[in-house]
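This report refers to the structure that appears directly beneath it.
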Number of protein chains: 2
Amino acid sequence: MTYMNAVNAEPPLWRMIRDSLEAALAAGEYPAGRPLPSEARLAARFGCAIGTVRRAVDELVAARALVRRQGKGTFVPDIDEMTRRAPDAPDRTAYYFFHIRPRDGTRALPATELLAFRASVPCPAWIAPHLGIAPRAPMIFARNLQRIGGRAVVLDDLWLPAALFPGLDRAGFAGREGTVYGLYQKRFGLSVIRTDERLRAVSAPPAAAAALGLPAGAPVLRIQRVALAIGERPVEMRISHADTREHEYFNTLA
Amino acid sequence: MTYMNAVNAEPPLWRMIRDSLEAALAAGEYPAGRPLPSEARLAARFGCAIGTVRRAVDELVAARALVRRQGKGTFVPDIDEMTRRAPDAPDRTAYYFFHIRPRDGTRALPATELLAFRASVPCPAWIAPHLGIAPRAPMIFARNLQRIGGRAVVLDDLWLPAALFPGLDRAGFAGREGTVYGLYQKRFGLSVIRTDERLRAVSAPPAAAAALGLPAGAPVLRIQRVALAIGERPVEMRISHADTREHEYFNTLA
DNA sequence: TTCGATTTGTTCGTATGTATT
DNA sequence: TAATACATACGAACAAATCGA
């Protein structure tokens with residue numbers, strides 16, 4: 001038998017199916033928590049064999065856009081569920097987006113305290129290009145202090161394009177259950193699956209020094225992060241300053 | 001038909017094959033540059049279908065332990081070949097193990113200058129556990145200065161268990177072609193496929209301040225890296241200090 | 001508790017496409 | 001051109017987990 005692919009220069013069928021599924025995910029067609037159509041159904045819909053659908057889904061699972069559960073179905077992963085694992089869980093999914101940890105080997109998830117929230121701030125000129133938005137576009141700004149084991153360790157400044165988070169106010173932001181990424185997902189259908197981070201060592205800015213209890217000008221780790229949802233959509237810029245006297249940023253490249 | 005798996009608690013066949021191949025790779029049975037046996041041959045050897053071998057190889061490809069080339073075969077990846085790509089190559093493999101880059105978006109591979117080399121130094125007590133070796137075991141020590149665009153940006157201290165690198169001397173180390181990881185692979189059969197890094201912001205130690213042209217006590221990025229070969233074997237401890245005034249550490253989590 | 005339906009996971013086998021030598 | 005090797009796609013059978021009747 002000859003397949004579509006006999007016609008030259010076409011991408012393989014499984015990739016077209018993958019892209020089609022990814023577009024559906026980016027459009028929020030499959031909310032987290034409810035299963036996608038079964039592989040057999042998807043195969044029927046796409047007019048292909050189950051194995052071809054599996055190949056496409058495999059890719060999305062590898063990209064962390066989907067998770068499979070035998071006997072149940074295939075789901076958009078629930079970010080908070082990934083995050084809420086026991087700190088000594090064997091896999092590292094719990095720390096996927098949280099890389100600061102004690103140097104002494106102990107593990108604890110951070111507790112977050114909201115220090116500031118403003119619902120409409122013009123986007124700083126240097127941030128706009130990182131998020132692919134217009135300069136001075138309306139932004140939501142929030143400042144969080146993260147404590148690990150009671151100690152103030154990280155000061156986060158978050159910048160969110162207001163257009164992506166309609167109706168988000170201080171109460172909704174502070175009263176969330178779980179992480180901010182869980183909030184993005186559950187209330188706005190934005191599933192963060194990738195982050196790009198740029199790290200530098202700098203002298204602590206005054207706000208960070210004060211919040212972290214550091215002497216003025218002490219070296220701190222500055223982390224500039226862009227969070228991307230399915231389909232490469234930037235949804236958040238975050239500038240963090242971390243006190244790395246007792247903590248460190250961990251990164252494994254595999 | 002019933003498969004092996006009917007007997008309970010056995011891992012799937014593809015995982016046993018994957019582990020078997022990984023063990024062979026760790027033992028250096030397949031040197032970089034020459035193809036592994038074809039998938040058909042491997043299937044015959046393991047007494048299974050080609051699809052099952054492909055599944056096992058898929059995993060090793062995902063773990064960067066192997067690369068496939070259509071029409072040619074499956075290979076242990078040549079680290080230097082990955083690294084020597086054009087700086088504007090579309091994929092990021094060239095920078096897989098090299099994360100420091102200019103902040104302004106330009107891209108250039110670093111030039112390395114050997115500042116010090118000692119062939120037999122007892123292992124510092126705090127390093128030994130990270131490499132899984134005995135304290136005071138004989139080590140090779142090297143200090144490299146990395147320049148990017150002519151500017152001194154990173155000072156590297158390398159610690160290698162001497163037992164893994166028999167006969168490596170200053171001339172062999174300095175006279176290598178390509179990266180140090182390429183040297184480990186070509187001369188000693190150690191293919192680095194993973195690194196664990198811990199980052200902190202610290203005041204520049206005197207040696208780093210001098211080499212990087214920094215004022216005493218300026219903030220620098222301290223990177224402590226353990227390089228792991230196939231089979232989780234630690235082969236190198238590296239402590240780097242980077243000047244992040246004009247450069248940054250980039251990390252993408254996908 | 002047992003059973004059956006549903007869904008993903010594993011394994012086999014086959015045919016054909018495409019790149020390399 | 002022919003042989004070889006990986007890539008894509010199909011289809012089928014059975015295993016294992018889940019859930020509700």
Side-chain angles (χ1 to χ4, degrees), chain A residues 1-21 30 32-78 81, chain B residues 1-21 30 32-78 81:
Chain A
M1 198 199 297
T2 84
Y3 307 122
M4 296 279 207
N5 247 358
V7 182
N8 221 342
E10 264 190 278
L13 181 51
W14 66 262
R15 194 175 305 160
M16 297 193 291
I17 293 173
R18 180 199 64 183
D19 293 345
S20 169
L21 288 174
Y30 303 111
R34 283 225 316 280
L36 267 66
S38 74
E39 294 173 348
R41 234 177 291 274
L42 287 173
R45 174 180 310 177
F46 289 112
C48 69
I50 278 196
T52 307
V53 167
R54 282 188 66 81
R55 173 76 191 260
V57 172
D58 281 344
E59 294 264 319
L60 293 168
V61 168
R64 311 180 64 88
L66 291 176
V67 293
R68 290 193 159 113
R69 294 201 210 147
Q70 186 172 0
K72 299 187 74 174
T74 302
F75 301 80
V76 174
D78 182 317
E81 196 173 312
Chain B
M1 196 199 296
T2 86
Y3 307 122
M4 295 282 206
N5 246 358
V7 183
N8 221 343
E10 264 189 279
L13 181 50
W14 66 262
R15 195 176 304 161
M16 298 194 290
I17 294 173
R18 181 200 63 181
D19 293 344
S20 169
L21 286 175
Y30 303 110
R34 284 222 316 279
L36 267 66
S38 75
E39 293 173 349
R41 237 178 289 275
L42 287 173
R45 175 182 309 176
F46 288 113
C48 70
I50 278 194
T52 306
V53 168
R54 281 187 69 80
R55 173 76 192 261
V57 172
D58 281 344
E59 293 264 319
L60 294 169
V61 168
R64 310 181 64 89
L66 290 176
V67 292
R68 288 194 162 110
R69 294 200 210 150
Q70 186 173 0
K72 298 186 74 173
T74 302
F75 302 79
V76 174
D78 182 317
E81 196 173 311

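Below, chains carry the letters A, B, ... as their sequence lines are ordered, and counting in each starts from 1. The basis for the numbers below is simple: all heavy atoms, side chains too, and nothing from hydrogens, waters or symmetry mates. Predicted model, so just to flag it, every value in this text is computed and none were measured.
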Would you be so kind as to tabulate the donor-acceptor pairs closer than 3.5 Å made by side chains of residues 40-55 of chain B, with sequence neighbours excluded?
residue, atom, partner, partner atom, Å
B:R45, NH1, B:Y30, OH, 3.3
B:R54, NH1, B:E39, OE1, 3.0
B:R54, NH1, B:E39, OE2, 3.2

Whole-Å gap separating [atom2] ([N]) and [atom1] ([X]):
X: A:E39; N: C:dA5; atom1: CD; atom2: P; result: 21 Å
X: A:R15; N: D:dA7; atom1: CZ; atom2: P; result: 12 Å
X: B:R18; N: C:dT10; atom1: CZ; atom2: C1'; result: 14 Å
X: B:W14; N: D:dA15; atom1: CH2; atom2: C1'; result: 15 Å

Least distance between heavy atoms, [X] atom then [Y] atom:
X: A:M16; Y: A:P11; result: CG-CG, 3.8 Å
X: B:P77; Y: B:A32; result: O-CB, 4.4 Å
X: B:P35; Y: B:G73; result: CB-CA, 4.5 Å

Near DNA chain C, which residues from residues 40-58 of chain A have a heavy atom under 4.0 Å away?
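Heavy-atom contacts with DNA chain C come from A:R41, A:R54.
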In residues 67-75 of chain A, which ones come under 4.0 Å of DNA chain C, going by heavy atoms?
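Heavy-atom contacts with DNA chain C come from A:R68, A:R69, A:Q70, A:G71, A:K72, A:G73, A:T74.
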Please identify each residue that fulfils side chain to side chain donor-acceptor pair (under 3.5 Å) with A:D58, with sequence neighbours left out.
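A:R68.
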Mind checking what makes side chain to side chain donor-acceptor pair (under 3.5 Å) contact with A:R69, not counting sequence neighbours?
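Here the qualifying residues are A:E81.
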Show your reasoning for whether side chain to side chain contact (heavy atoms under 4.5 Å, CB included) applies to B:V67 and B:T74.
CA-CA 6 Å; B:V67 292; B:T74 302; over 6 Å; no
Pairs involving residues 12-21 of chain A, ordered by first then second residue, that meet side chain to side chain donor-acceptor pair (under 3.5 Å) (sequence neighbours left out):
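Counting only pairs at least two positions apart or across chains, the side chain to side chain donor-acceptor pair (under 3.5 Å) contacts touching residues 12-21 of chain A are A:R18-A:E59.
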